[in-house]
S.K.: 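Before I ask anything, here is the structure I am working with.
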Amino acid sequence: MSAPRTIRADALTTVDELIDVAERLFASEGVENVALTRIVAVSGQKNRSALHYHFGSRGGVLRAVLDRRLGPINVRRHALLDALPADASPYAVVRAEIAALAETCFEEPWGADYLSILAQVRFHPQLLGEEQVREENISSLRLAGRRLRAAAPQVPEPQIRRRLAWLADSAAFALARWMRDTPAQRRTRAALDALVDELSTYGTAGLLAAPAHQEPKA
């Protein structure tokens, strides 16, 4: 087995600069509207092949943007979930899932841009192409999903899978809209907590609702 390639410090700087620029442009102009050549030009990189070398495609750049922010969100979500007792209510689990995203993005200067990009990807998952975010960065979402499945045994697996996806969609869209449209003076922690509470109540009710019909057996 060959040794892993060591990335030089100057290469790491180039990667960070490209991701920084891509994040800003994807958030402000829309992922679909940003050409790779524009990212290179705005970043000031003289080597026009740098982006392709490091990321391969626009989907690769987008994955890198998401993975960089998913890491701290994942750590926070694990901490919130681990603090819950084993018999925590479904609402508490849903709230931990949503609060980790909301609170991290509220506190970080990159939060609004990240939420804008996340909402785009939730609406158009094909933007990632064949790329996938790192599994270790969404381990807390997997954990929350397992706990919520256990709390809703009356909901067949195909339906609970869809409902968990709808929950993630709703949280991403609502938080991105709130960050974008709420005036700075009204964008307070108390207002954010109220939004998280409402989203959690809404999401829990949707997850636990009795199925209107049974899924056909395969």
Side-chain angles (χ1 to χ4, degrees), residues 11-12 14-45 47-77 97-98 100-106 108-145 158 160-182 195 199 203 206:
L12 286 173
T14 297
V15 168
D16 286 340
E17 290 174 347
L18 289 168
I19 294 176
D20 284 342
V21 171
E23 183 175 62
R24 292 197 302 271
L25 293 178
F26 285 164
S28 63
E29 300 179 13
V31 175
E32 292 180 297
N33 300 323
V34 178
L36 298 187
T37 52
R38 177 154 165 72
I39 297 172
V40 175
V42 173
S43 70
Q45 293 295 324
N47 182 0
R48 292 186 175 273
S49 65
L51 188 144
H52 182 77
Y53 173 77
H54 290 294
F55 305 108
S57 64
R58 179 163 52 187
V61 179
L62 179 57
R63 184 200 65 186
V65 169
L66 294 172
D67 270 328
R68 183 169 65 162
R69 304 315 187 190
L70 278 169
I73 295 168
N74 193 54
V75 169
R76 188 171 200 150
R77 186 178 289 117
E97 178 176 335
I98 296 173
L101 173 65
E103 292 170 3
T104 305
C105 290
F106 178 77
E108 296 291 347
W110 46 260
D113 284 349
Y114 174 76
L115 284 170
S116 172
I117 295 167
L118 178 62
Q120 293 177 62
V121 173
R122 295 299 308 184
F123 191 69
H124 292 296
Q126 66 270 23
L127 289 172
L128 279 167
E130 297 182 356
E131 301 287 347
Q132 297 292 327
V133 297
R134 294 176 182 170
E135 186 66 24
E136 61 265 31
N137 285 334
I138 55 173
S139 57
S140 62
L141 284 174
R142 304 295 192 210
L143 174 59
I160 197 68
R161 189 185 312 123
R162 287 195 297 270
R163 292 179 184 188
L164 287 169
W166 294 338
L167 173 65
D169 289 346
S170 298
F173 299 150
L175 291 169
R177 187 181 301 114
W178 184 82
M179 290 286 279
R180 182 195 65 192
D181 296 343
T182 305
L195 175 60
L199 282 170

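All heavy atoms count here, side chains included; hydrogens, waters and symmetry mates do not. Computed from a predicted model, the values in this text were never measured in an experiment.
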S.K.: To check you understand the geometry: which heavy-atom pair defines the closest contact between Ala144 and Glu97, and what is its length?
M.R.: CB-OE1, 3.5 Å
S.K.: Could you walk me through whether Arg38 and Glu29 pass salt bridge (charged side-chain N to carboxylate O under 4.0 Å, His left out), step by step?
M.R.: CA-CA 11 Å; Arg38 177 154 165 72; Glu29 300 179 13; 2.6 Å; yes
S.K.: Return the OG to CG distance between Ser116 and Leu175, rounded to the nearest 0.5 Å.
M.R.: 12.5 Å
S.K.: Decide yes or no on side chain to side chain contact (heavy atoms under 4.5 Å, CB included) for Asn33 and Leu25, but give the supporting numbers first.
M.R.: CA-CA 9 Å; Asn33 300 323; Leu25 293 178; over 6 Å; no
S.K.: For Ser43, enumerate each residue passing the side-chain contact (heavy atoms from CB on, under 4.5 Å) test, keeping only those at least two apart in sequence or located in another chain.
M.R.: Leu18, Val21, Gln45
S.K.: Minimum heavy-atom separation for Gly111 and Met179, please, with both atom names.
M.R.: C-CE, 4.2 Å
S.K.: Sequence neighbours excluded, which residues qualify as side-chain hydrogen bond (donor to acceptor under 3.5 Å, both in side chains) partners of Glu135?
M.R.: Arg142
S.K.: Within this structure, what is the NE2-CG distance for the pair His124 and Leu128, rounded to the nearest 0.5 Å?
M.R.: 12.5 Å
S.K.: Quick one: list whatever passes side-chain contact (heavy atoms from CB on, under 4.5 Å) with Val75, sequence neighbours left out.
M.R.: none
S.K.: Kindly compute the distance separating CD1 (Ile19) from CG (Leu62), expressed to the nearest 0.5 Å.
M.R.: 11.0 Å
S.K.: If every non-hydrogen atom of Leu164 is compared with every non-hydrogen atom of Gly145, which pair is closest and at what distance?
M.R.: CD1-CA, 4.1 Å
S.K.: Provide the full list of side-chain hydrogen bond (donor to acceptor under 3.5 Å, both in side chains) pairs with a residue in residues 61-73, sequence neighbours left out, each pair given once.
M.R.: Asp20-Arg68, Glu23-Arg69, Arg63-Glu131, Asp67-Asn137
S.K.: Given 3.5 Å as the limit, does a donor-acceptor pair link the side chain of Gln120 with the main chain of Phe26, or not?
M.R.: yes
S.K.: Roughly how far, to the nearest 0.5 Å, is CG of Leu66 from CD of Gln132?
M.R.: 11.0 Å
S.K.: Which distance, rounded to the nearest 0.5 Å, do you find between the CG of Leu195 and the CZ of Phe106?
M.R.: 11.5 Å
S.K.: Might you confirm whether atom CD of Glu136 has over 12 heavy atoms from other residues, nucleotides or ligands at distances under 6.0 Å?
M.R.: yes
S.K.: Applying side chain to side chain contact (heavy atoms under 4.5 Å, CB included) to Trp110 and Thr104, what does each step give before you reach the verdict?
M.R.: CA-CA 10 Å; Trp110 46 260; Thr104 305; 3.8 Å; yes
S.K.: Please identify which of these residues, Leu118, Asp113, Leu115, meets the side chain to side chain contact (heavy atoms under 4.5 Å, CB included) condition with Cys105.
M.R.: Leu115
S.K.: Okay, side chain of Arg163, backbone of Gly206: is any donor-acceptor separation there less than 3.5 Å?
M.R.: yes
S.K.: Looking at every heavy atom in both Arg58 and Glu32, which two are closest together, and how far apart are they?
M.R.: NH1-O, 3.2 Å
S.K.: Around Arg161, counting heavy atoms of other residues, nucleotides and ligands shown, do more than 12 lie under 6.0 Å from its CZ?
M.R.: yes
S.K.: Say you draw a straight line from CZ of Arg77 to OG of Ser139; how long is it, rounded to the nearest 0.5 Å?
M.R.: 9.0 Å
S.K.: Return the minimal non-hydrogen interatomic distance between Ala27 and Ile117, and the atom names on each side.
M.R.: N-CG1, 3.9 Å
S.K.: Shortest non-hydrogen contact from Val65 to Ala22?
M.R.: CG2-CB, 4.2 Å
S.K.: With sequence neighbours excluded, what pairs up with Ser170 under the side-chain hydrogen bond (donor to acceptor under 3.5 Å, both in side chains) test?
M.R.: none
S.K.: Just to verify, what does Ala119 make a side-chain contact (heavy atoms from CB on, under 4.5 Å) with, not counting sequence neighbours?
M.R.: Phe173, Ala176
S.K.: Pair Val15, Phe55 - check side chain to side chain contact (heavy atoms under 4.5 Å, CB included), show working.
M.R.: CA-CA 9 Å; Val15 168; Phe55 305 108; 3.8 Å; yes
S.K.: Any sub-3.5 Å donor-acceptor pair from Arg122's side-chain atoms to Ala171's backbone N or O?
M.R.: no
S.K.: So do the side chains of Ile73 and Tyr114 get within less than 4.5 Å of each other, counting heavy atoms only?
M.R.: yes
